[in-house]
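Everything numeric here is computed off the predicted structure, so don't read it as measured data. Order of appearance sets the numbers: ligands from 1, and atoms from 1 within every ligand. Index from 1, following the sequence.
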Amino acid sequence: MNNKQLNRRVFLNKLAGGTASLFFTSTLFSNCTNVKKQPNILFIFSDDHAFQAISAYGGRLAQVAPTPNIDRLGAEGMIFNKCYVTNSICAPSRATVLTGKHSHLNSVRDNSEVFDGAQQTFPKLLQQAGYQTAIVGKWHLKSEPTGFDFWEVLQGQGHYYNPDFRTPAGNIRETGYVSDIITDKALDWLQNKRDNSKPFMLMLQHKAPHREWSPALRHINIFDHVVFPEPDNLFDDYNGRGTAAKTQDMTIEKTMRMDQDLKVPPDDGDSLLFKQIHKRMNEEQKKAWKAAYGPKNEAFKKLNPKGKDLVRWKYQRYLQDYLGCIRGVDENVGRVLDYLDDNGLTDNTLVIYTSDQGFYLGEHGWFDKRFMYEESYRTPLIARWPNVVKKGSINNDLVSNLDFAQTFLDIAGTALPPDMQGMSLKPLLAGQTPGNWRKSLYYHYYEFPAVHSVRRHEGVATLQYKLLHFYDLDEWELYDLEKDPNEMHSEYDNPEYSQIVEELKNELERLRVHYELPPIKPLNET
Ligand code: SGN
Ligand code: CA
């Protein structure tokens, strides 16, 4: 503002009897000190979205199942190649995102625990910093959402078709497909319900592509004629690993169900799939669903594959449905990006795309997550923030879902609470990784005994190595990720690695102290 303009403002202010003073002060402040408007934050979170299923990450599925809208975010922003979760399961990941704390300090170590909504969270702190906050979609933390000006969340895991939502006014059932409805609600809040004078922070949280992998009716057949490349270790025998990998219950071969998971009803017609999915559908939806699956189920029954051929068939059907769900997520990401463009919001909005954790798409013969092995431990992270993030940039630093809370507070220009345990990604987004950036990450999975029977473990990972401790079994595993990226052979007992093992054990101990881990209790005392 030049002197002439300044004088005119003072003059106008006098004329208005002082009513223009607030406007004047804030304009002067922002012009003189070059303080930027607080950016909006749009956090798009999916459930169980494997990085292997995002074409921006390359990999064996990129050609056959592209994700153009999520990729667009990467092309216009930054792709993080090394984002990991603190605890690879749903509710714990969500609690870590909200609090910036490891599971033992945020009240949710496994899916059975209730989130303590009275504790400090980043949405509450953003509200104090002048933000409008909203959450739409999967919540899964049991207690009522706190720190949000607007919330409409799925009940528990939620349903794919005609889902029910918890709202402050009570439960409501919507007609349609869950990813479309969540996006409709998010866009409606942006367009009609928020206070436009404030910056916003919106958490748009998809249910898809969670088990039982049910695509929108328009997407059920889109991959019928695609043959998905198999991972090299689809028929893993788990030699070279310990008891935990051998005793899990998450294989495509044994655990994946023909009926609910793969949508092939039993011949006697007593279908759980029918009870669980169809009972929510209206007649029109059921008809479309049966028309989509019926012919391919008939073809399967004629083919009647056995043994390894059956596993291969299951893998193909699993990916048809899983990637069909991803298509729905990707299309809806596109709708949201278009909305930002059309409403002049793109430039001042940080958009994050990530998932609560990774997932196995047949690697090691598995589906599901929980293990600290790469496919479930790593999660996608893509960020777009025009004017700050250089288009098409790649980051290879160790980052975590533990970092999101501090990142959002940092970009909002508000103080970072000393008890949060992550690190702000703001400098990384600007392309400037601090010299003292972390060299290792701590991991801890707690949910056992439970579905999929993955044993409790903790671990430490660096860019090259990963040390896992299945402490109830007193078994350790060590992976050299450069030599063995698919983690097929533990080097823990290899004397050539004894020095590395010792260093990583020390590092694990250092991190336990740093993050204030309590001593591990025997299973029967937890
Ligand atoms: C359900 C699924 C499991 C899944 C958990 C946790 N079974 O129990 O396969 O591991 O949720 O998932 S299902 O038959 O109900 O689909 S999480 O993402 O919420 O942690
Ligand atoms: Ca999940």
Side-chain angles (χ1 to χ4, degrees), residues 43-53 83-98 103 108-115 137-142 153-161 163 178-179 182 203 205-215 248-263 271-277 279-280 314 318 321-322 325-326 329 353-362 364-373 375-381 401 444-456:
F43 181 73
I44 309 178
F45 202 42
S46 48
D47 191 6
D48 295 0
H49 193 172
F51 65 86
Q52 313 91 290
C83 183
Y84 295 94
V85 293
T86 55
N87 181 358
S88 177
I89 187 161
C90 195
S93 172
R94 286 154 206 273
T96 290
V97 168
L98 288 169
S103 306
V108 183
R109 290 170 304 170
D110 61 40
N111 275 344
S112 73
E113 291 184 307
V114 180
F115 185 72
K138 186 163 173 184
W139 168 248
H140 202 204
L141 290 169
K142 297 189 169 71
V153 297
L154 295 170
Q155 292 176 356
Q157 292 283 6
H159 292 278
Y160 275 106
Y161 309 111
V178 70
S179 308
I182 289 169
M203 303 181 87
Q205 309 205 147
H206 286 292
K207 169 189 172 57
H210 191 274
R211 192 182 185 193
E212 67 290 330
W213 319 297
S214 299
Q248 45 59 41
D249 181 19
M250 50 192 259
T251 61
I252 291 177
E253 182 186 4
K254 298 203 176 92
T255 318
M256 194 176 274
R257 305 162 300 201
M258 289 306 296
D259 187 18
Q260 301 106 297
D261 291 328
L262 299 171
K263 332 294 189 296
S271 168
L272 279 168
L273 174 71
F274 185 84
K275 285 180 194 140
Q276 288 169 5
I277 302 179
K279 74 164 190 225
R280 307 185 63 80
K314 290 172 86 174
Y318 164 39
D321 287 346
Y322 181 94
C325 290
I326 298 298
V329 170
Y353 185 87
T354 186
S355 168
D356 62 344
Q357 62 330 269
F359 213 68
Y360 296 94
L361 300 179
H364 302 291
W366 294 336
F367 64 97
D368 214 66
K369 53 256 179 177
R370 300 161 192 269
F371 278 111
M372 198 195 175
Y373 303 131
E375 290 83 359
S376 52
Y377 173 42
R378 184 175 154 193
T379 200
L381 177 63
N401 60 345
H444 201 144
Y445 170 80
Y446 298 82
E447 193 175 277
F448 182 89
V451 58
H452 300 304
S453 295
V454 173
R455 305 302 301 243
R456 300 195 300 173

Looking only at protein heavy atoms, which one is nearest to [atom], and what is the separation?
| atom | answer |
| --- | --- |
| atom 7 (N) of ligand 1 | Arg211 NH1, 3.4 Å |
| atom 5 (C) of ligand 1 | Arg370 NH2, 3.7 Å |
| atom 8 (O) of ligand 1 | Val451 CG1, 4.3 Å |
| atom 9 (O) of ligand 1 | His452 NE2, 2.6 Å |
| atom 19 (O) of ligand 1 | Gln157 NE2, 2.7 Å |

Does only the side chain of [X] get under 4.0 Å from ligand 1, or the backbone, or both, or neither? Count heavy atoms.
| X | answer |
| --- | --- |
| Lys138 | side chain |
| Arg257 | side chain |
| Asp47 | side chain |

### Message
Testing the basics here: between Val97 and Phe43, what is the closest heavy-atom pair and its distance to 0.1 Å?
### Response
CG1-CZ, 3.9 Å

### Asp261 to Thr255 - nearest heavy-atom pair and separation
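Closest heavy-atom pair between Asp261 and Thr255: OD2-O, 4.3 Å.
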
### Message
Can you confirm whether the side chains of Ser376 and Tyr360 place a donor and an acceptor under 3.5 Å from each other?
### Response
yes

### Query
Does the side chain of Arg280 come under 3.5 Å of the side chain of Tyr161 through a donor N or O and an acceptor N or O?
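The criterion, which ignores hydrogens and geometry beyond distance, is not satisfied for Tyr161 and Arg280.
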
#### Entry: Any N or O of Cys90 closer than 3.5 Å to N or O of ligand 1
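Such a contact does occur with ligand 1.
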
For ligand 1, which atoms, with element, lie under 4.0 Å from some heavy atom of [X]?
| X | result |
| --- | --- |
| Asp368 | 4 (C), 9 (O), 10 (O) |
| Asn111 | 6 (C), 17 (S), 19 (O), 20 (O) |
| His140 | 19 (O) |

### Query
Is Arg211 salt-bridged to Asp48, going by a charged N under 4.0 Å from an acidic O?
no

### Task
Decide, yes or no, whether a salt bridge links Arg94 with Asp47 under the criterion of side-chain N to carboxylate O below 4.0 Å.
yes

#### Entry: Is_contact(atom 15 (O) of ligand 1), protein non-hydrogen, under 4.0 Å
no

Please round to the nearest 0.5 Å and tell me the distance separating atom [atom1] of [X] and atom [atom2] of [Y].
| X | Y | atom1 | atom2 | result |
| --- | --- | --- | --- | --- |
| Arg257 | Lys263 | CZ | NZ | 9.5 Å |
| Phe51 | Leu381 | CZ | CG | 13.0 Å |
| Asp356 | Lys369 | CG | NZ | 6.5 Å |

### Task
Sort by chain and number the protein N/O/S atoms found under 3.0 Å from the Ca ion (ligand 2).
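Hits for the Ca ion (ligand 2) below 3.0 Å: Asp47 OD1, Asp48 OD1, Asp356 OD1, Asp356 OD2, Gln357 OE1.
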
### Task
Could you establish whether Lys369 and ligand 1 come within less than 4.0 Å of each other, counting only heavy atoms on the residue side?
yes

### Query
When the ring centroid of Phe359 is compared with that of His210, is the distance short of 6.0 Å?
no

### Close aromatic pair by centroid cut-off 6.0 Å: Tyr353 and His49
yes

#### Entry: Validation row: Lys314, Met258 side chains within 4.5 angstrom (heavy atoms)
yes

### Message
Is the terminal nitrogen or CZ of Arg455 (NZ for Lys, CZ for Arg) located under 6.0 angstrom from the six-membered ring centre of Phe448 and within 45° of that ring's axis?
### Response
yes

